[in-house]
Trainee: 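Questions regarding the structure given below will be posed in turn.
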Amino acid sequence: MITSFDSAATLAIPSLALLPLDDEVDQWDAFVQGAPQATFCHLAGWRTIMTDVLGHECLYRVAADAGGAWQGVLPLVRVRSRIFGHYIVSMPFLNYGGPIGTPAAQRLLVEDATTYAQRSSADLLELRTRHGVPCDLETSHRKITVVLNLPESPDVLLRTIPSSRRRQIERAKKEGLEAKFGPDQVEPFYEVFAHNMRDLGTPVLPRRLFEEIARIFPETAMFCVAYSNGRPLAGGCGFVWGDEFEITWVSSLREYDRLMPNMFLYWSYMQQLILQGVRVFNFGRCTPNGRTHRFKHQWGGVDVPLPWRQWSPRAVGTTPSPDRPIYRVATALWSRVPVGVANVVGPILARRLP
């Protein structure tokens with residue numbers, strides 16, 4: 001029998017027990033740093049962000065052996081809304097976060113999460129993972145990512161990317177665009193991000209989310225903004241993990257597309273990352289064959305499947321998404337809301353859209 005997440009008891013099966021994460025955040029992060037399947041999404045700092053900024057219940061679990069040594073971990077977050085539904089996700093708003101550790105630990109953690117999802121009447125349990133997980137849950141193929149191997153120098157990259165990208169980068173340079181990096185770019189990044197989310201018909205995440213990301217992950221998070229004459233035209237927020245960088249949130253102002261700020265932003269990131277020794281540029285998740293997928297392919301990257309694992313009692317296959325027909329009308333209407341109103345109401349809605 002598997003105990004619920006809110007129980008103080010532990011679950012013992014052959015040589016493994018499940019424990020809740022209490023104050024052992026340093027031990028958690030040390031385990032994550034040493035696990036080959038781990039990503040930045042597994043870091044304990046996200047628990048603070050999910051609870052304090054977004055108001056969600058976090059269900060972080062550890063699988064330990066008889067000697068107390070950790071064998072696996074799984075961060076879960078419960079996202080509930082009367083409008084959008086009840087979801088248990090690892091990790092919401094991010095692309096990864098599924099179970100990591102030994103195969104036995106991963107299987108136990110998944111079984112426990114599934115039992116909890118059943119008992120709590122969740123509409124969907126979704127484990128967002130990059131690696132194959134030893135479990136019996138259904139595999140979702142609705143999302144993929146695109147990755148590009150970075151060469152040893154920016155000059156080599158400029159010679160090897162498609163010629164159309166080179167022309168666009170040169171156009172941006174001739175227009176005098178400049179890029180700035182650092183935590184002090186959170187404010188201009190959010191200015192662009194919030195405006196673009198409104199244009200896309202999507203409620204924007206809270207500004208404080210990104211402020212906390214910059215504070216909690218100073219060595220991992222990387223903000224960049226592309227400017228023209230002092231005005232921010234494009235911005236991104238991504239994370240360095242090992243020799244890979246993933247751009248997780250990115251936006252640009254459509255009315256300035258002729259200046260190529262989005263292309264310049266990506267190029268600036270790649271150039272800076274190469275100088276830092278990063279060797280893989282991850283463009284983040286997208287829907288196969290969608291417009292965003294086609295854009296990412298323009299840089300010469302290759303597709304990587306995201307074998308997310310799911311359980312649902314009612315065959316719910318996705319969290320709320322603009323791709324679902326039921327939300328298309330709402331998306332069209334939201335894109336007409338004044339930016340000021342969208343920036344006030346949007347964060348209230350967005351925190352319920354995992």
Side-chain angles (χ1 to χ4, degrees), residues 39-41 46 49 93-96 145-148 150 154 157 161 165 168-169 172-173 175 177-200 202 204-228 230-241 243-257 259-276 278-286 291-301 343 350:
T39 69
F40 63 87
C41 306
W46 289 106
I49 291 172
F93 316 102
L94 301 170
N95 302 332
Y96 320 116
T145 190
V146 177
V147 299
L148 175 69
L150 298 175
L157 176 64
I161 61 176
R165 297 290 78 73
Q168 290 169 332
I169 293 168
K173 291 179 178 179
E175 295 289 347
L177 269 64
E178 63 173 341
K180 295 182 181 180
F181 291 87
D184 60 337
Q185 297 303 305
V186 171
E187 181 70 24
F189 156 77
Y190 192 81
E191 177 184 333
V192 174
F193 180 68
H195 197 290
N196 187 59
M197 289 297 101
R198 192 290 309 265
D199 290 348
L200 293 173
T202 302
V204 67
L205 287 163
R207 182 195 313 268
R208 188 174 165 225
L209 170 74
F210 299 100
E211 293 171 345
E212 286 297 278
I213 285 173
R215 182 184 69 83
I216 293 174
F217 304 116
E219 304 300 323
T220 306
M222 192 172 183
F223 288 86
C224 178
V225 175
Y227 292 85
S228 174
R231 175 165 187 176
L233 304 186
C237 170
F239 301 85
V240 176
W241 185 256
D243 66 350
E244 179 175 301
F245 169 83
E246 181 196 279
I247 188 161
T248 309
W249 293 282
V250 62
S251 288
S252 64
L253 300 180
R254 296 182 181 182
E255 59 265 39
Y256 293 95
D257 279 353
L259 301 181
M260 303 298 169
N262 201 34
M263 298 300 181
F264 183 74
L265 179 79
Y266 275 89
W267 162 250
S268 298
Y269 261 121
M270 292 178 189
Q271 182 174 235
Q272 182 69 20
L273 291 162
I274 289 172
L275 297 177
Q276 292 181 201
V278 176
R279 288 295 171 256
V280 178
F281 189 97
N282 186 328
F283 287 86
R285 80 178 188 230
C286 58
R291 190 180 75 169
T292 303
H293 183 205
R294 293 192 292 272
F295 166 80
K296 294 173 181 181
H297 259 277
Q298 293 176 5
W299 291 89
N343 287 353

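Since the model is a prediction, treat every value here as computed from it, not as a measurement.
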Trainee: First locate atom SG of C224, then atom CD1 of I247, and finally report the distance between them rounded to the nearest 0.5 Å.
Mentor: 8.0 Å
Trainee: Counting N and O atoms only, with roles assigned by atom type, does the side chain of R285 sit under 3.5 Å from a partner on the main chain of L94, one being a donor and the other an acceptor?
Mentor: yes
Trainee: Answer with yes or no after comparing the ring centroid distance for F40 and F217 against a 6.0 Å cut-off, counting only values under it.
Mentor: no
Trainee: Between L157 and Q271, does the side chain to side chain contact (heavy atoms under 4.5 Å, CB included) criterion hold? Intermediate values first, please.
Mentor: CA-CA 8 Å; L157 176 64; Q271 182 174 235; over 6 Å; no
Trainee: Please confirm whether the backbone N or O of G284 pairs with a side-chain atom of T145, one donor and one acceptor, at under 3.5 Å?
Mentor: yes
Trainee: Any side-chain to backbone donor/acceptor pair from Y269 onto G236? Under 3.5 Å, distance only.
Mentor: yes
Trainee: Determine the minimum heavy-atom distance between S251 and N196, stating which atoms define it.
Mentor: OG-ND2, 3.1 Å
Trainee: Using only heavy-atom distances, determine whether the side chains of Y266 and R165 contain a donor-acceptor pair under 3.5 Å.
Mentor: no
Trainee: Decide if the gap between the ring center of F281 and the ring center of F283 is smaller than 6.0 angstrom.
Mentor: yes
Trainee: Would you check, one step at a time, whether the test side chain to side chain contact (heavy atoms under 4.5 Å, CB included) holds for I213 with I49?
Mentor: CA-CA 8 Å; I213 285 173; I49 291 172; 3.9 Å; yes
Trainee: Validate the cation-pi geometry between K180 and Y227: distance from NZ or CZ to the six-membered ring centre under 6.0 Å, angle to the ring axis within 45°.
Mentor: yes
Trainee: To the nearest 0.5 angstrom, please state how far the CE atom of M260 sits from the OG atom of S228.
Mentor: 13.5 Å
Trainee: Nearest 0.5 angstrom please: E178 CD to K173 NZ, how far?
Mentor: 14.0 Å
Trainee: Is any side-chain heavy atom of R279 less than 4.5 Å from a side-chain heavy atom of I274?
Mentor: yes
Trainee: Is there a side-chain contact between I216 and W46 in this structure, where contact means two heavy atoms from C-beta onward sitting under 4.5 Å apart?
Mentor: no
Trainee: Would F189 and W249 count as a close aromatic pair, with their ring centres under 6.0 Å?
Mentor: no
Trainee: Side chain to side chain contact (heavy atoms under 4.5 Å, CB included) between M222 and F239: does it pass, once the steps are laid out?
Mentor: CA-CA 6 Å; M222 192 172 183; F239 301 85; over 6 Å; no
Trainee: Can you spot which of H297, K296, R291 makes a side-chain hydrogen bond (donor to acceptor under 3.5 Å, both in side chains) with H293?
Mentor: H297
Trainee: What distance do T39 atom OG1 and N95 atom CG have between them, rounded to the nearest 0.5 Å?
Mentor: 9.0 Å
Trainee: Are a donor atom and an acceptor atom from the side chains of E211 and Y190 found within less than 3.5 Å of each other?
Mentor: no
Trainee: Could you walk me through whether L265 and V225 pass side chain to side chain contact (heavy atoms under 4.5 Å, CB included), step by step?
Mentor: CA-CA 7 Å; L265 179 79; V225 175; 5.7 Å; no
